[in-house]
Amino acid sequence: ALMIGDLNAAENHFSQAISIDPTNGKYHLHLAQVYLGRRQFDKTRMHLLQALNLDSSLPEAYSGMSDLYARQNKISLALQQIEKAIDRTPESDRGDWVIYMRKKANLLRRDNKPDQALRILEALLPSERIHPDVMNEVALCFALMGKPQQAAKLYNQALIVLPMDVALLQGAVIWNHKANNMEVAQRHLRSMRKIDPNLPTISKLEKLFVTADH
């Protein structure tokens, strides 16, 4: 229910779960997600605190608290909480750890510290850095630092490894366009057409060059 956006149904299910097993902190954590989605911040905070009272080792609860503060534009507090989530995430949960590190980098960008955010993202493993979403986050750091050429270079290099990756090609078109590398951007766009001329993103990308021509 939560995944399809049916917050009312999700609230009912999680509330029932809590009534059956009130000692399970994760149920409070999930219910807090519902209230955060509704921007009911007081209820969100209450259930996150209940989750932590039941299990102070839950990194997800600290991450949720970070999300709550971020929604309220309390970036310093959000950073403190995501640090706690990172510190409490075991090495075996690498996927969750990467998510929390990316959240930290996003908060640092919002706090106008793109250089610090970039250092965090560049410390990830190569297989993690080449993920399209992470690539875009790194590119945003370069853009905030006034270095769109570096963002474009990042995508061009990634495509040497994964030349048929549509998401990377899309990013390469966008960032080479921002860096005024029009010929390179057009080349990447042609590559996308060769892979699948019916990709819905192609028409949107083509508009970039129509605007540039005018």
Working to the nearest 0.5 angstrom, can you tell me the gap between [X] [atom1] and [Y] [atom2]?
X      : Y      : atom1 : atom2 : result
Lys113 : Leu144 : NZ    : CG    : 14.0 Å
Met65  : Thr44  : CE    : OG1   : 9.5 Å
Ile82  : Leu77  : CD1   : CG    : 13.0 Å
Lys207 : Ile202 : NZ    : CD1   : 13.5 Å
Leu124 : Ile130 : CG    : CD1   : 13.0 Å
Gln40  : Met46  : CD    : CE    : 10.0 Å

Is there a path of hydrophobic side-chain contacts, each under 4.5 Å between heavy atoms of I/L/V/M/F/W/Y residues, joining [Y] to [X]?
X      : Y      : answer
Leu79  : Trp97  : yes
Leu199 : Leu168 : yes
Val184 : Met182 : no
Leu159 : Val161 : yes
Leu52  : Tyr35  : no

Looking at every heavy atom in both [X] and [Y], which two are closest together, and how far apart are they?
X      : Y      : answer
Ala51  : Leu58  : O-CD1, 4.1 Å
Leu169 : Ser191 : CD2-CB, 4.0 Å
Ala70  : Arg110 : O-NH2, 3.1 Å
Phe209 : Ala185 : CZ-CB, 3.6 Å
Ala10  : Val34  : CB-CG2, 3.8 Å
Ser57  : Arg88  : O-CB, 4.1 Å

Is there a side-chain contact between [X] and [Y], using heavy atoms and a 4.5 Å cut-off?
X      : Y      : value
Leu108 : Pro114 : no
Leu54  : Asn24  : no
Val98  : His131 : no
Arg102 : Asp133 : yes
Asp96  : Pro59  : no
Trp175 : Asn136 : yes
Leu154 : Met135 : yes
Lys153 : Gln157 : yes

Using only atom types and a distance under 3.5 Å, with no angle test, would you say the side chain of [X] pairs donor to acceptor with the backbone of [Y]?
X      : Y      : result
Asp6   : Ala9   : yes
Asp111 : Leu107 : no
Arg71  : Leu36  : yes
Asn53  : Leu49  : yes
His177 : Leu208 : yes
Ser66  : Tyr62  : no
Ser203 : Pro200 : yes

Check against side chain to side chain contact (heavy atoms under 4.5 Å, CB included), His30 and His13:
CA-CA 10 Å; His30 295 321; His13 293 312; over 6 Å; no

Let's go through Arg129 and Glu122 carefully: what are the C-alpha distance in whole Å and the side-chain angles of both, what is the deciding distance for salt bridge (charged side-chain N to carboxylate O under 4.0 Å, His left out) to 0.1 Å, and is it a yes or a no?
CA-CA 7 Å; Arg129 293 200 306 271; Glu122 288 183 335; over 6 Å; no

Run the side chain to side chain contact (heavy atoms under 4.5 Å, CB included) test on Gln186 and Leu189 for me, step by step, so that the C-alpha distance in whole Å, both residues' side-chain angles and the decisive distance to 0.1 Å come before the verdict.
CA-CA 5 Å; Gln186 288 276 19; Leu189 186 56; 4.2 Å; yes

Given side chain to side chain contact (heavy atoms under 4.5 Å, CB included), test Leu31 with Gln50 step by step and report yes or no.
CA-CA 11 Å; Leu31 190 53; Gln50 285 182 318; over 6 Å; no

Flag the pair His47 / Tyr27 as yes when their ring centroid distance falls below 6.0 Å, and as no otherwise.
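No, they do not, as the ring centres are separated by 6.0 Å or more.
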
Could you give me the CA-CA distance, side-chain angles and deciding distance for Lys26 and Asp55, then say whether salt bridge (charged side-chain N to carboxylate O under 4.0 Å, His left out) is met?
CA-CA 9 Å; Lys26 288 196 174 183; Asp55 185 354; over 6 Å; no

A quick test of your reading: do over 12 heavy atoms of other residues, nucleotides or ligands sit less than 6.0 Å from [atom1] of [X]?
X      : atom1 : answer
Asp42  : CG    : no
Met145 : CE    : yes
Asn112 : CG    : no

Give the C-alpha distance, both sets of side-chain angles, the deciding distance and a yes or no for side chain to side chain contact (heavy atoms under 4.5 Å, CB included) between Leu7 and Glu11.
CA-CA 6 Å; Leu7 298 183; Glu11 180 184 15; over 6 Å; no

Sort out for me which residue in Lys74, Gln80, Arg45, Gln81 forms a side-chain hydrogen bond (donor to acceptor under 3.5 Å, both in side chains) with Tyr69.
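Going through Lys74, Gln80, Arg45, Gln81 one by one, the side-chain hydrogen bond (donor to acceptor under 3.5 Å, both in side chains) with Tyr69 is satisfied by Arg45 alone.
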
Between Glu183 and Asn176, does the side chain to side chain donor-acceptor pair (under 3.5 Å) criterion hold? Intermediate values first, please.
CA-CA 9 Å; Glu183 290 185 11; Asn176 277 284; over 6 Å; no

